[in-house]
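One structure below.
What's counted below: heavy atoms across the whole structure, side chains too, no hydrogens, waters or symmetry copies. Chain naming here is simple, since letters A, B, ... match the order of the sequence lines and numbering starts at 1 in each.
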Amino acid sequence: MIHVYNTLTREKELFKPITPGKINMYVCGPTVYNYIHIGNARSSIAFDVVRRYFEYRGYDVNYVSNFTDVDDKIIKRAREQGVDEMTIANRYADAFHQDTLPLNIKPATVRSRATDVIPDIIVFVGDLIKKGYAYESEGDVYFRAKRFKGYGILAHQDLAEMEANAAGRLDDIELTRKEDPIDFAVWKSSHAEDEISWQSPWGKGRPGWHIECSVMAQKYLADTIDIHGGGIDLAFPHHTNEIAQSEARTGQTFVNYWMHNGFVNVNDEKMSKSLGNFTTVHDMLANYDDPMAIRYLLATTQYRRPINYSNDTLEQARVALDRIRTAYRNLSFRLETAVVGQDQAIENMIENQISNFESAMDDDFNTPNALASVFELVTTANTLAESRQVSLETVQHLLDTIAKLMSVFGIEDLSVQSDLTKEQSELLKSRTLARDTHDFEASDRLRQALRQLGIVVEDTPQGQRWHKA
RNA sequence: GGUAAUAUAGCCAAGUGGUAAGGCAACGGUCUGCAAAACCGUCAUCGCCGGUUCGACUCCGGUUAUUACCUCCA
């Protein structure tokens, strides 16, 4: 029984998929005009965890996301660099894949670009006009926001307020073209010859920002989808407008559950270029050698809560993750000395923690609580690793469980052990001999030598335990 | 101005009408040739003021602070 917080109703609701066992979800992707920043990564990771948990629960998840590859920011950047828009879009779409790979974000089932669906967008806009929900005005096409009943409820915005706000902000050109200040563009005429554009019934132009998501969700998923996700800032206007467009066209509910992730602050401040704390994933990965620690920080905070990203919080994440890795590694070491059999008390404990983990995740993906269960298992693993005698099946079960639960957070490869070089192997053997004869001087020297070669050796009742530094 | 969210120990962070998970740090102990890793123990009364209640940190009212959104920012 999974419960999901629905932004539309502002309540946790029992999750019921439209088709049993299947989930159609759409998550807003980035505008590819720059490297993705940590906020983009947070959003991707938050919904990656949602997806992974549904999959863990046995659902078949159809995950669709987009690249916004045509918009003002891309056009501007292309101009600045004297290249065409697609050069910019391709460059940063590629960078997205490079940056998300080390963060272990699963690729979308379908990752579509706005420019891949231009014909569909034109049909969609045409339909809106036919139904009286949109109108052409000097080459632009606008959506009649007021015509759509319930416009603004997702973000709990008041129509009159919005109207007043909008009127003060728009320039004269927009005001003269729009019937109403709160109307929004679904199609924009192109203003310059060298600007990217497509031929349409309304002249040369390009899609408005919101329309692509409505079109893709419908094209690749369905008229009504289970989950739509994105950053909380998108609730208004982006998702508000998506709802209006999509429902105006189909007459059906567009989305059953709206999910929005919280923001990432950098050093306790909102990330912005003017504050100089704009943090791209590209730079983070270049400056930090443990991408899984970044993932840990972003994945283990409850998705609706804000995250403060700083050297300090990142370091705390790394230390916490290391505790899990160390436990996993040290228990793995006991596989060699384990005896065939099972330990019922520990088996029961494992089942209890799995159950706690699932209860936590069922409750709107409460990752901090779920993690607490993992740490209970970690303590058990540490205790077991120190026991005189351990049962093989139970050791394996505990290891598998920790790995399985952590993989829900997208943290895999807990124990990245590589083979020893011949030299390292020889040194270890020599050290065993030295210890057998209580030659501690030689033993300490060899431990130091191994340390220099990147191998940390620890002495246990079961012999030497080593791992890479 | 409007609409929301948040306020829990040194830090990060859960949670609940009946006397506060987990992680880090700190302190004490155990284990250890030393070390490492680990284990055990200690460490908060929940922004402020009222109210409801047998009882609130958890519900209600108020207040303060912080933050976000109010047309293209995840």
What interatomic distance, in whole Å, is found between [atom1] of [M] and the corresponding atom of [N]?
| N | M | atom1 | answer |
| --- | --- | --- | --- |
| B/A21 | B/C46 | C1' | 14 Å |
| B/A56 | B/G51 | C1' | 12 Å |
| B/C70 | B/C60 | P | 29 Å |
| B/C31 | B/G41 | C1' | 15 Å |
| B/A26 | B/C43 | C1' | 8 Å |
| B/U58 | B/U53 | P | 16 Å |
| B/A5 | B/C59 | P | 13 Å |
| B/A74 | B/C39 | C1' | 42 Å |

Any strand counts, and the cut-off is 3.5 Å on both contacts for Watson-Crick or G-U wobble. Which nucleotide pairs with [N]?
| N | value |
| --- | --- |
| B/A37 | none |
| B/A7 | B/U64 |
| B/U32 | none |

Atom [atom1] of [X] to atom [atom2] of [N]: distance rounded to whole Å?
| X | N | atom1 | atom2 | answer |
| --- | --- | --- | --- | --- |
| A/Leu297 | B/A13 | CG | C1' | 12 Å |
| A/Ile74 | B/C73 | CD1 | P | 11 Å |
| A/Asn265 | B/C69 | CG | P | 10 Å |
| A/Tyr303 | B/A13 | OH | P | 17 Å |

Mark this stacking check for A/Phe263 against B/A74 as yes or no, applying ring centres under 5.5 Å and ring planes under 30°.
yes
I want to check one thing: is the phosphate of [N], taken as OP1 and OP2, less than 4.0 Å away from some side-chain N or O of [X]?
| X | N | result |
| --- | --- | --- |
| A/Asn366 | B/G15 | yes |
| A/Lys270 | B/C69 | yes |
| A/Asn382 | B/C39 | yes |

Give me the atom names and distance for the closest heavy-atom approach of [X] to [Y].
| X | Y | value |
| --- | --- | --- |
| A/Arg334 | A/Glu386 | NH1-C, 4.1 Å |
| A/Thr367 | A/Thr300 | OG1-O, 3.2 Å |
| A/Leu234 | A/Cys28 | CD1-CB, 3.7 Å |
| A/Ala145 | A/Asp183 | N-OD1, 3.1 Å |

Minimum-distance nucleotide (side-chain atoms of [X] versus [options]):
| X | options | value |
| --- | --- | --- |
| A/Asp363 | B/U6, B/G15, B/A36 | B/G15 |
| A/Arg323 | B/A74, B/C40, B/C24 | B/C24 |
| A/Val264 | B/A37, B/A74, B/A21 | B/A74 |
| A/Val319 | B/A74, B/A7, B/C24 | B/C24 |
| A/Met271 | B/A38, B/A74, B/C72 | B/A74 |
| A/Phe236 | B/C69, B/A37, B/A74 | B/C69 |
| A/Thr31 | B/C72, B/A74, B/A13 | B/A74 |
| A/Thr326 | B/G22, B/A37, B/C73 | B/A37 |
| A/Lys188 | B/A74, B/C72, B/A38 | B/C72 |

Can a cation-pi geometry be assigned to A/Lys12 and A/Tyr5, taking NZ or CZ under 6.0 Å from the six-membered ring centre and within 45° of the ring axis?
no
Ignoring hydrogens and angles, are the base of B/C12 and the side chain of A/Gln316 linked by a donor-acceptor pair under 3.5 Å?
no
The residue among A/Thr280, A/Thr279, A/Asn40 that forms side-chain contact (heavy atoms from CB on, under 4.5 Å) with A/Tyr35 is A/Thr280
A/Gln245 and A/Phe124, any side-chain heavy atoms less than 4.5 Å apart:
yes
Tell me whether A/Glu80 at atom CD has more than 12 heavy atoms from other residues, nucleotides or ligands lying less than 6.0 Å away.
yes
Flag if over 12 foreign heavy atoms under 6.0 Å of CZ, A/Arg10
yes
Look for any protein N or O under 3.5 Å of an N or O in nucleotides 28-35 of chain B and output each such pair with its distance, or none.
residue, atom, partner, partner atom, Å
B/G33, O6, A/Arg435, NH1, 2.7
B/G33, N1, A/Asp444, OD1, 2.9
B/G33, N2, A/Asp444, OD2, 2.6
B/C34, O2, A/Arg447, NH2, 2.6
B/C34, N3, A/Arg447, NH1, 3.1
B/C34, N3, A/Arg447, NH2, 3.4
B/C34, N4, A/Asp459, OD2, 3.1
B/A35, N6, A/Asp459, O, 3.0
B/A35, N1, A/Asp459, N, 2.9
B/A35, N3, A/Arg447, NH1, 3.0

